[in-house]
Each structure stands twice: as C-alpha cells, then as structure tokens.
A.B. asks: 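Following this message is one structure expressed as structure tokens.
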Amino acid sequence: MANALVSIQILPRTPGGASAIPYVDRAIEVIKQSGVPYRVAPLETTMEGELDQLLGIVQEMNKAMAEMGCESVISQMKIYYCPEHGASMDRLLEKYPDGQ
C-alpha cells in the first residue's frame, strides 16, 4: 500500500516566454512513464506511491524541464504522508469521486 500522496504544480520558465502547456504536458508524461497512479486536475497533478519514489519523480520532472531549455522551474508541492495507515486518492475522494 502506498504511504504518500504528492500533489505538484510545475511552473517552468520557458525559453522566450513560450507557452507552458507543452512543458506541463512533458512533466505529466514523466509521471505517466513512472507507472504510479496519478490524477490530473486543473491546477495540479496528484500522484500516489511511496514518498521516496514520488520525490524522485518530481526530480525527474524538473530535469525534463531543464532538458527542454527552461532556465528555472518552480515546483509547488503538497505532501500527504501516512506510513501507518497508507495513503489513497480513492479513499480521500470517496465522497466526491467526480470532483463535485
């Protein structure tokens, strides 16, 4: 069972002020390739897994932004860590499975 949820909003400083959308898409692709459960929302993406693994994914997301030419990146995170009872997006969203 997962012990953490990490929500992340990544704000890359794009080359020449380009649209951030392709960069955010690439960051989400990094999450997808990791294989962890995730949920994309309008302002952030939430991942579920082991805390060390999730923090490593955040690091890979930032590296991907640098590889795409961003000179800096702001990563705003929220971490829910529950090693004894586990962390689950489904459990936290039981009352609001469709977000409403």
Side-chain angles (χ1 to χ4, degrees):
M1 178 183 292
N3 69 12
L5 301 177
V6 171
S7 292
I8 180 154
Q9 179 186 41
I10 197 158
L11 304 165
R13 184 168 181 199
T14 61
S19 170
I21 292 173
Y23 297 84
V24 172
D25 288 343
R26 174 67 184 115
I28 293 169
E29 183 62 27
V30 170
I31 296 170
K32 184 177 183 178
Q33 289 174 351
S34 76
V36 300
Y38 68 96
R39 184 172 181 160
V40 177
L43 298 176
E44 64 190 9
T45 298
T46 301
M47 304 179 284
E48 180 179 305
E50 298 301 309
L51 183 57
D52 290 345
Q53 178 187 24
L54 300 178
L55 295 175
I57 294 167
V58 171
Q59 184 176 14
E60 291 303 314
M61 292 167 70
N62 281 273
K63 286 181 183 178
M65 297 301 98
E67 289 167 2
M68 290 180 75
C70 296
E71 66 179 62
S72 64
V73 181
I74 296 172
S75 297
Q76 296 185 24
M77 295 189 321
K78 295 181 218 167
I79 299 172
Y80 173 67
Y81 180 61
C82 190
E84 278 192 43
H85 303 290
S88 165
M89 287 186 285
D90 289 340
R91 189 171 62 233
L92 292 179
L93 293 171
E94 283 176 342
K95 288 176 65 176
Y96 307 101
D98 298 324
Q100 298 179 350

A.B. asks: Name all pairs fulfilling the side chain to side chain donor-acceptor pair (under 3.5 Å) condition that reach into residues 40-50, sequence neighbours left out, sorted by first residue then second.
C.D. replies: Asn3-Glu50, Ser7-Thr46, Glu44-Lys78
A.B. asks: Working to the nearest 0.5 Å, report the span between CG of Leu43 and CD of Gln76.
C.D. replies: 10.0 Å
A.B. asks: For a quick test of reading the model, state the closest non-hydrogen atom pair linking Pro12 to Cys70 and the distance between them.
C.D. replies: CB-SG, 3.6 Å
A.B. asks: When clusters are formed from ILVMFWY side-chain contacts under 4.5 Å, directly or step by step, what else is grouped with Ile79?
C.D. replies: Val6, Ile8, Ile10, Tyr23, Val24, Ile28, Val30, Ile31, Val36, Tyr38, Val40, Met47, Leu51, Leu54, Leu55, Ile57, Val58, Met61, Met65, Met68, Val73, Met77, Tyr81
A.B. asks: Locate the shortest heavy-atom distance separating Ser19 from Thr14; write the atom from each residue and the value.
C.D. replies: O-CG2, 4.1 Å
A.B. asks: List, one per line, each side-chain donor-acceptor pair under 3.5 Å for residues 88-95, sequence neighbours excluded.
C.D. replies:
from  : atom 1 : to    : atom 2 : distance (Å)
Ser88 : OG     : Asp90 : N      : 3.3
Ser88 : OG     : Arg91 : N      : 3.1
Arg91 : NH2    : Gly86 : O      : 2.6

A.B. asks: Determine, stepwise, if the pair Lys63 / Glu60 fulfils salt bridge (Lys or Arg N to Asp or Glu O under 4.0 Å).
C.D. replies: CA-CA 5 Å; Lys63 286 181 183 178; Glu60 291 303 314; 3.6 Å; yes
